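Throughout, residue positions are numbered sequentially from 1 according to the sequence presented. Just so we're clear, the structure is a prediction, and the values are computed from it rather than from any experiment.
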Amino acid sequence: MPGPSPGGSPEREAGTGGRPRGTGRGRRVRFRLPHTAISLPSVREEERLFYRRLEALAAPGPGGFGPLFAADGWSDLTEDRLLRKRVVRDGQGGPRPRPGQEVSVKVLGALEDGGLVERDPRLTFVPGHGDVVQALELGVPTMQPGEVSFFLAAFPYGYGRPGREPDVPPEAPLLFEVTLLEVRDGPDPQRLPPAARLRLGAQRRERGNFHFARGDFAAALRSYRLALRALDGPAAAPPGPQEDEELREQRVKCLNNCAAAELKLQRAGEALAACEAALRISPDNGRALLRRGQLLAQQGRDAEAALVLRRALELDPASKVIHAELSRLVKRRSPPARAAPQEPLHGPMLPPSPGAPAPPAPEGAA
């Protein structure tokens, strides 16, 4: 039989283990499998279907999504009625995602004017880990595999007050169309090889930095702790010397970031604990030393703070911040200098005559 055409399906040998059987012994018989094409909608077709569904709800225009927040046929996922769901197509009856499970979804998202700002054919995340907007964090766990749903999200459940430059304006509501493709158990970081753990830790730390920059310090702290979870503990395979050093560096960065987030949340004790954990890994980390010195000074532990800040200054003698902190600490610890008594300008004063008013007492006199 002729061989396969270029780009066709691979050939397979008949029988088990590639051994010929029957009358064809001694001769290799090959079968060419027929080419099978699975019809999938193109990107443009998916977008057209999305906009048809969107127009059936409310045509994009000046009215925007406002009427949909009070329309029938939607279920409210939050008490403030700022995140709503509408099922487009029922799922296959499988179980909904459980906490800690990983999901893969297809997402399309639009602004009120119809502008498409989200398009991901396969977005994978673990709900609750802060890797996506709140609309997906809270909405996807309500879905079944195969389900297609709309999620109408006011700005607190989208990209917040700042929006997302350059395509999502500040305080913009969004409408997402989500298809739940797959649900599976989330990866156990301790079973991942060191390189994969480093990638996962870096991704979660960067997500924490994203939340921190937007002022969501609780979400940032959650991401930093998840990054530490990926980086800490025994691994499936022992890391090499370079990977071990990178794991240590990443842990120190995450702990310093945890301390910064804790300070923003006004939890000085937790921030100090994070600094001390970072210094147990890297005793000469300048950022952790400076922050620990500042926190100790705030607690009135001036002698300890001075030692820590002097060590930080040895490592970074040009740091103006450390110089300022030490100067402030020295001034606070130094007793106030007493003013020297002033000599009279014109010799000793004569005693006042009887009946004359007494001279005013100097400041500070009893």
Side-chain angles (χ1 to χ4, degrees), residues 126 128-134 137 156 159-165 189 197-233 245-302 304-329 332:
V126 178
H129 281 192
D131 294 330
V132 293
V133 295
Q134 284 288 296
E137 290 267 14
Y159 286 97
R161 292 190 183 279
R164 183 189 66 186
E165 293 185 354
R197 293 174 69 181
L198 283 166
R199 285 195 300 270
L200 183 58
Q203 289 170 2
R204 290 177 175 174
R205 184 171 59 84
E206 288 301 322
R207 188 66 185 178
N209 293 345
F210 171 80
H211 291 307
F212 194 99
R214 298 167 67 86
D216 192 348
F217 305 116
L221 183 60
R222 183 171 61 246
S223 294
Y224 295 144
R225 286 174 174 169
L226 288 168
L228 282 170
R229 183 181 169 189
L231 297 166
D232 281 336
E245 182 61 27
E246 290 179 5
L247 286 167
R248 289 165 59 87
E249 290 178 3
Q250 291 284 350
R251 283 197 289 268
V252 171
K253 288 180 180 179
C254 288
L255 287 165
N256 277 330
N257 291 355
C258 283
E262 296 281 17
L263 279 175
K264 291 291 187 180
L265 296 170
Q266 299 183 355
R267 298 201 292 238
E270 290 82 350
L272 182 58
C275 292
E276 290 171 345
L279 290 170
R280 282 194 293 271
I281 299 173
S282 179
D284 289 336
N285 183 265
R287 179 170 295 184
L289 285 168
L290 171 59
R291 189 171 283 128
R292 181 170 183 254
Q294 292 171 324
L295 289 165
L296 290 172
Q298 288 177 14
Q299 294 181 1
R301 298 158 64 179
D302 292 355
E304 295 176 74
L307 288 174
V308 174
L309 290 172
R310 288 194 185 102
R311 178 57 185 156
L313 191 62
E314 289 175 7
L315 297 169
D316 188 5
S319 172
K320 295 181 179 179
V321 177
I322 302 174
H323 278 287
E325 290 292 335
L326 272 171
S327 176
R328 188 179 301 116
L329 195 60
R332 191 169 73 184

Nearest heavy-atom pair of E262 and R225: which atoms, and what distance? OE2-NH2, 3.0 Å
For R292 and L279, which heavy atoms make the closest approach, and how far apart are they? CD-CD1, 3.6 Å
Rounded to the nearest 0.5 angstrom, the CZ-CZ distance for R207 and R222 is 10.0 Å
Considering all heavy atoms of both residues, which atom of A278 and which atom of V252 are nearest to each other, and what is their separation? O-CG2, 4.0 Å
Give, for atom CG of L221 and atom NZ of K264, the distance between the pair rounded to the nearest 0.5 Å. 14.0 Å
Do Y224 and R205 come within less than 4.5 Å of each other through their side chains, counting heavy atoms only? yes
Return the CG to CD1 distance between L247 and I281, rounded to the nearest 0.5 Å. 10.5 Å
Tell me if the CZ atom of R161 is crowded by more than 12 foreign heavy atoms within 6.0 Å. no
Could you report the tightest heavy-atom contact between A274 and L255, atom names first, then the distance? CB-O, 3.6 Å
Do the side chains of L295 and L263 get nearer than 4.5 Å, heavy atoms only? yes
Donor-acceptor pair, R204 side chain versus L226 backbone, under 3.5 Å? yes
Out of curiosity, S327 OG to L329 CG, how far, rounded to the nearest 0.5 Å? 9.5 Å
For E137 and G130, indicate whether the former's side chain and the latter's backbone hold a donor-acceptor pair under 3.5 Å. yes
What's the shortest heavy-atom distance between L309 and E325, and which atoms? CD1-CB, 4.0 Å
Could you check whether any side-chain heavy atom of L290 comes within less than 4.5 Å of a side-chain heavy atom of R287, counting everything from C-beta outward? no
Nearest 0.5 Å, please: how far is CG in L228 from CG in N257? 9.0 Å
Any donor and acceptor pair, going by atom type alone, linking the side chain of R248 with main-chain N or O of S282 inside 3.5 Å? no
Contact summary for L231 and R251, nearest pair of heavy atoms: O-NH1, 2.9 Å
Show me the pairs that pass side chain to side chain donor-acceptor pair (under 3.5 Å) and involve residues 313-324, at least two apart or across chains. R311-E314
Is the shortest heavy-atom distance from the side chain of L272 to the side chain of L296 under 4.5 Å? yes
Nearest-0.5 Å distance, CZ of residue R199 to CD of residue Q203: 8.0 Å
